[in-house]
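Report on the following structure.
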Amino acid sequence: MSYCAVATCRSYRRTGKFCTKSFFRFPKDPATCATWVHRCSRQDPINVLQARICSDHFLDSDYDPSYLVKASLMPGVSPCLKTDAVPTQNLRSAGSSGPAQQSTRASRSDRRQMKSLAQDIINTEGASSSLSDRSRSISLDASNQMEWSPAATDLPAGEVQYLSPLEEVQKLSQQNRRLKLRMEKQKRQWRQERQMLLRKLRVAERKAHKLQKLLRLGVVTEKQVSTVQSGHRVQWTAEDISRALGLRCRSRKAYEYVQQVMHLPLPSAATLSRWIRGFRVTPGVIEAALAVLRAAVQGMGALERLCVVSFDEMALSSRYCYDASADQILQGSKLQLLMVRGLCAAWKQPLFYEIDSPMTNQKLNSVISVLESLGLRVTAVVSDMGGANEGMWRSSGICADRTWIINPVDDTRRVWVFADAPHLIKLMRVHTVADDGGLLIPDGRGGRALLGRGTFLELLELDRAELRVAHKLTNLHVQGTGQVSQRVRLATQLFSHTVGTAIKELLPRRQPQAEAVLTANAWFDVLNSRSQFDATIERSAYGRTAEIKAVQDRALDKMTSLISDTRKTSAKHPNGHRSMLPFQQGMLRTTVSLRGLYEELHRTVPELQFVLTSHLNQDCLENCFSQIRSLGGANTTPNAVEVRSRLKVLLMAPAPQVAASSGRAVLQLEPSDLMSTSRAPQQLPCVSNEALEGLLIQFEEPDQELAAREDNEAEGAYQAVAAPPSSSHEEVTPLQSESATAGDERLEREALAFVAGFVAAKCRHLDAGLGQTTDQAPPSSVPSSWVRALSRGRLTVPSPNWMTIVEEFEVIFRLMMGDTVDGQSGIVQRLLAALQVKRPSLDARIARKLVTTRVHLRIRSLNQRQDEVAAERRAAKQVRQHVRSASSSRRTITGSQAGLREERITCAYDFVLALV
């Protein structure tokens, strides 16, 4: 910093926010510069190149007028003086004596003495005597050098105040006391702030400890913590995206609650959508799932590499649907899903899927080969007793004596074939409580006894008190039909130890039935073990100890003997069928395969001590199907596009796809232990074939959003086209005056004109000449009777030229599509290419709107046709059920009466079909 060059001025130059004065250089003009030097009244020489004079010595009139204008408009602009401005304010007159005339060295020495005196006053006692002595010496020295006289200055005496050294020391002492008081106050404030900061530090440490615990438990991720601490945006990892997608799949409201109320950072919907678009799920082997499985196998041990393959079908909506990203019309009624799971470890992974395609030996062998190439060892295959599956096993040579197939990779190893045990016990219940019979079981004395619904109804009739013995048994267990019969819980409770014991104790005449129920219960316990040891020995892991295995083998032997001698009885076969039913064959096959699998693994894998048989059923597949259905909310029957979308989200979501691998021999399988596919997806240039439309998570993918909007618009157009003309008009329109045949053709043209007007209205911003609203359109050759009858003034009537283009495209569309749809991909692109060949000057956006609208109308028409056929089938099924119920209620009728009744039933059946 530098001081002002004017004598008696204590202003000094400094920078920053504390600078309140302006300092000006000496002018370059020699005459003006000499005037400035003279006005400074200094006796020591002045370096005009470095010296400055502050703004206290200038008038406002000395400033350049342009500066005043700039200062009013732009505060903070640097001041500028006139070229002839000279300092005139706060100056000493020439020849005056006083402090300005003393040397600079003397003033500095005096200041040092006063500072030393002030320090002595503060730090030493007896400051009064020292003060008087030193003040007298300073006064004598000062009197020899200068005379203090306010009148000697050129300023008024009231404006400049000169203090004696003693007064200045006293003033400094007062300032020192004030500073000490301020310092003490500041110390108290600092101590309070320190205590507050220590409290905050302790709270922050506790929060950090809890946060580290949450990090270890996996509740939050490092990226979320970083976002909370810094407040800046972060680049989400694949783990973060996967976890967020899992939460988003569960509930949109839960996702918003965590994000907005709990203030936990989560990726936005656009981020999730961008990641999903890069994740592809194509029919056949799912490459993304295969890549994750390949990485997980690297860290598995020998026991963890033992795996089981299971496959099953899931019902889909057979409605036609359009996949915008693949430009393809899809339709399917069955999803074939294959899943691989660990036999001795809690991991599972969907690996293969197809639409409307049954499982074959070639597909199964190819999947087994792929798994074997990864380092896994396929030991068993599980399926239900469906007709297609049984046909495949028969073609593979599976029978009662041969329950295995050769491993396609190693012909020295076998792959054992199992039937789904829960499915088998469910079928056993269905045949037991059937209306027309039951099961004929051996009675232990060479005869047979009937195990049917009568036994259980008799038990229910006897056990009707408030406190019941068989408290879980209800009429629903015995008389439930339809979808109720698909519940495994009803079957397991019907064939339970409690019910069997109750029949044995309360119904002495039903001892064979009681033994059959207890045998079925023990067999299912063996085939559904979930832990190494259990209070019920049969429910322990198979082969855990020699004693446990002996008890389990006895249960399997008793079930084999029971099922082998059991036959299904009915009104047509009162003595029972000659052959066994499929569920009986499945039980025998599963029993033989379990023993064979255990013996082979016990021989080839010494580390294996036992098998958890719950890993040898299809619970993992049923759980996966439930999750796929739940992703659509109320829409539990997805179509072909929706099911692929849900399967993709299911593979990416973390909660049901935690990669699991354990060092223990066997782990209890958790309901949701699929392997994770939460690695960063490859960002492909094209959008994947899976749309998220129909899910609870409605991410806005560009193609799917456009397709959904077009679908909704086409739905409105279809409803308007399909609706008949209103009968409330009293005036007869040209539509009603045509004959029947000509009327159909004219109605079709009217509907086509409505579609053309719909597209013209949507593309009005592209070409206003496509049509006009009904309140402005003049009469023309375009059929517009229906449009005008339906309109309230704002529907669009197509122009003749546009109507001609639409009619030409309709011919092209019917030639390429026929009466159904083209299932190949790229249907819209092919229709666009054909239309552009016919009309090359037509705007591509208008052409695309016309094509997509027509495609959606065809899809709606086909779906409506399917719904009508389904309604007819349901009506026919109801008639057949009514016929069967009527025939079963009157079994004893004569032949003539039976013929008459059959004729009446046939007439009633034809009459109902005619009504439908």
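The backbone N or O of V417 lies less than 3.5 Å from a partner atom in the side chain of S593, making a donor-acceptor pair. Side-chain N or O atoms of Q584 include one that pairs as donor or acceptor with a backbone N or O of T566 at under 3.5 Å. In terms of modelled atom types and a separation under 3.5 Å, the side chain of R567 and the main chain of S564 share a donor-acceptor contact. Put simply, the side chain of S318 never gets that close to the backbone of G332: no donor and acceptor are under 3.5 Å apart. Side chain of R544 to backbone of Q532: no donor-acceptor contact under 3.5 angstrom is found. No donor-acceptor pair closer than 3.5 Å links the side chain of T536 to the backbone N or O of R539. A donor-acceptor pair under 3.5 Å is absent between the side-chain atoms of S561 and the main chain of K558, judged by distance alone. The backbone N or O of N528 sits less than 3.5 Å from a side-chain atom of T613, completing a donor-acceptor pair. Checked by atom type and distance alone, the side chain of R377 never pairs as donor or acceptor with a backbone atom of C307 at under 3.5 Å. No donor-acceptor pair closer than 3.5 Å links the side chain of T432 to the backbone N or O of G452.
Few gaps surround CD on Q298; more than 12 heavy atoms of other groups in view lie less than 6.0 Å from it. Counting heavy atoms of neighbouring residues, nucleotides and ligands inside a 6.0 Å radius, atom NE2 of H577 exceeds 12 of them. No more than 12 heavy atoms of other residues, nucleotides or ligands shown are found within 6.0 angstrom of CD1 on I537. Counting heavy-atom neighbours within 6.0 Å of H573 NE2, excluding the residue itself, gives a total above 12.
A 4.5 Å side-chain heavy-atom check between H477 and L490 finds at least one atom pair inside the cut-off. Side-chain contact between R629 and N635 is absent, with no heavy-atom pair separated by less than 4.5 Å. At a threshold of 4.5 Å between non-hydrogen side-chain atoms, the residues S357 and Q336 do not count as touching. Using a 4.5 Å cut-off on side-chain heavy atoms (C-beta onward), M359 and L338 make contact. Between L293 and L374, the closest side-chain pair of non-hydrogen atoms falls below 4.5 Å. At least one side-chain heavy atom of L647 sits less than 4.5 Å from a side-chain heavy atom of Y353. Taking 4.5 Å as the limit, every side-chain heavy atom of T379 sits out of range of all side-chain heavy atoms of V415. At least one side-chain heavy atom of L440 sits under 4.5 Å from a side-chain heavy atom of L450.
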For the pair R448 and D565, evaluate salt bridge (charged side-chain N to carboxylate O under 4.0 Å, His left out) and give the outcome as yes or no after the intermediate values. CA-CA 9 Å; R448 291 180 179 271; D565 295 336; 5.9 Å; no
Show your working on side-chain hydrogen bond (donor to acceptor under 3.5 Å, both in side chains) between T237 and D240 and close with a plain yes or no. CA-CA 5 Å; T237 62; D240 299 322; 2.8 Å; yes
Please test K334 against E354 for salt bridge (charged side-chain N to carboxylate O under 4.0 Å, His left out), starting from the C-alpha separation and ending with a verdict. CA-CA 8 Å; K334 296 287 184 181; E354 283 185 345; over 6 Å; no
List the steps, then state whether ring pair (Phe, Tyr, Trp, His ring centres under 6.0 Å) holds for Y542 with Y598. CA-CA 8 Å; Y542 184 75; Y598 178 81; 5.3 Å; yes
Check step by step if side chain to side chain contact (heavy atoms under 4.5 Å, CB included) holds for L451 and Q513. CA-CA 6 Å; L451 177 62; Q513 291 86 342; 3.8 Å; yes
Step-by-step side chain to side chain contact (heavy atoms under 4.5 Å, CB included) determination, W523 to T560: CA-CA 9 Å; W523 176 85; T560 301; over 6 Å; no
Given the rule in the side chain to side chain contact (heavy atoms under 4.5 Å, CB included) test, do V308 and L616 qualify, once you have shown the distances and angles that lead to the verdict? CA-CA 7 Å; V308 179; L616 296 172; 3.8 Å; yes
Stepwise side chain to side chain contact (heavy atoms under 4.5 Å, CB included) check, D327 with S825: CA-CA 6 Å; D327 191 11; S825 60; 5.9 Å; no
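Counting all heavy atoms, side chain and backbone alike, S529 lies closest to A541 at OG-CA, 3.9 Å. Nearest heavy-atom pair, I441 versus P512, reported as atom, atom and distance to 0.1 Å: CD1-O, 3.5 Å. Taking all atoms of both residues into account, the shortest heavy-atom contact from V378 to N407 is O-ND2, 3.9 Å. Nearest heavy atom pair, residue A514 against residue G500, reads CB-O, 3.5 Å. Among all heavy-atom pairs drawn from I563 and M580, the shortest one is O-SD, 3.9 Å. In this structure, G342 and H615 approach most closely via the heavy-atom pair O-ND1, 2.9 Å.
Every salt bridge (charged side-chain N to carboxylate O under 4.0 Å, His left out) that R413 has, sequence neighbours left out, goes to E372, D410. With sequence neighbours excluded, the residues satisfying salt bridge (charged side-chain N to carboxylate O under 4.0 Å, His left out) with K549 are D553, E599. Residues meeting the salt bridge (charged side-chain N to carboxylate O under 4.0 Å, His left out) test with D534, sequence neighbours left out: none.
Atom OG1 of T590 is separated from atom CZ of F583 by 12.5 Å, given to the nearest 0.5 angstrom. From S540, atom OG reaches atom CG of D525 across 9.5 Å, with rounding to the nearest 0.5 Å. Note that OG1 of T820 and CD of Q331 are 8.5 Å apart. Values are rounded to the nearest 0.5 Å. Atoms CG and CZ, from D312 and F625 in turn, are 5.0 Å apart once rounded to the nearest 0.5 Å. Residue N521 holds its CG atom at 8.0 Å from CD of E538, rounded to the nearest 0.5 Å. We find the CE-CG distance between M587 and L556 to be 12.0 Å, quoted to the nearest 0.5 Å.
Ring-centre distance between F495 and F524: not below the 6.0 Å cut-off.
With respect to S333, the side chain to side chain donor-acceptor pair (under 3.5 Å) criterion is satisfied by exactly one of T637, D356, N639: D356.
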Give every donor-acceptor pair under 3.5 Å between a side-chain atom in residues 387-395 and any protein atom, sequence neighbours left out.
| residue | atom | partner | partner atom | Å |
| --- | --- | --- | --- | --- |
| N389 | ND2 | D384 | OD1 | 2.5 |
| E390 | OE1 | R589 | NH2 | 2.9 |
| E390 | OE2 | R589 | NH1 | 3.2 |
| W393 | NE1 | S383 | OG | 3.0 |
| S395 | OG | N361 | ND2 | 3.1 |
| S395 | OG | G391 | O | 3.4 |
| S395 | OG | M392 | O | 2.6 |

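The ring pair (Phe, Tyr, Trp, His ring centres under 6.0 Å) contacts involving residues 291-320 comprise nothing, where partners must be two or more places apart or lie in separate chains. Counting only residues at least two apart or on different chains, the side-chain hydrogen bond (donor to acceptor under 3.5 Å, both in side chains) pairs with a member in residues 420-431 are K426-Q486.
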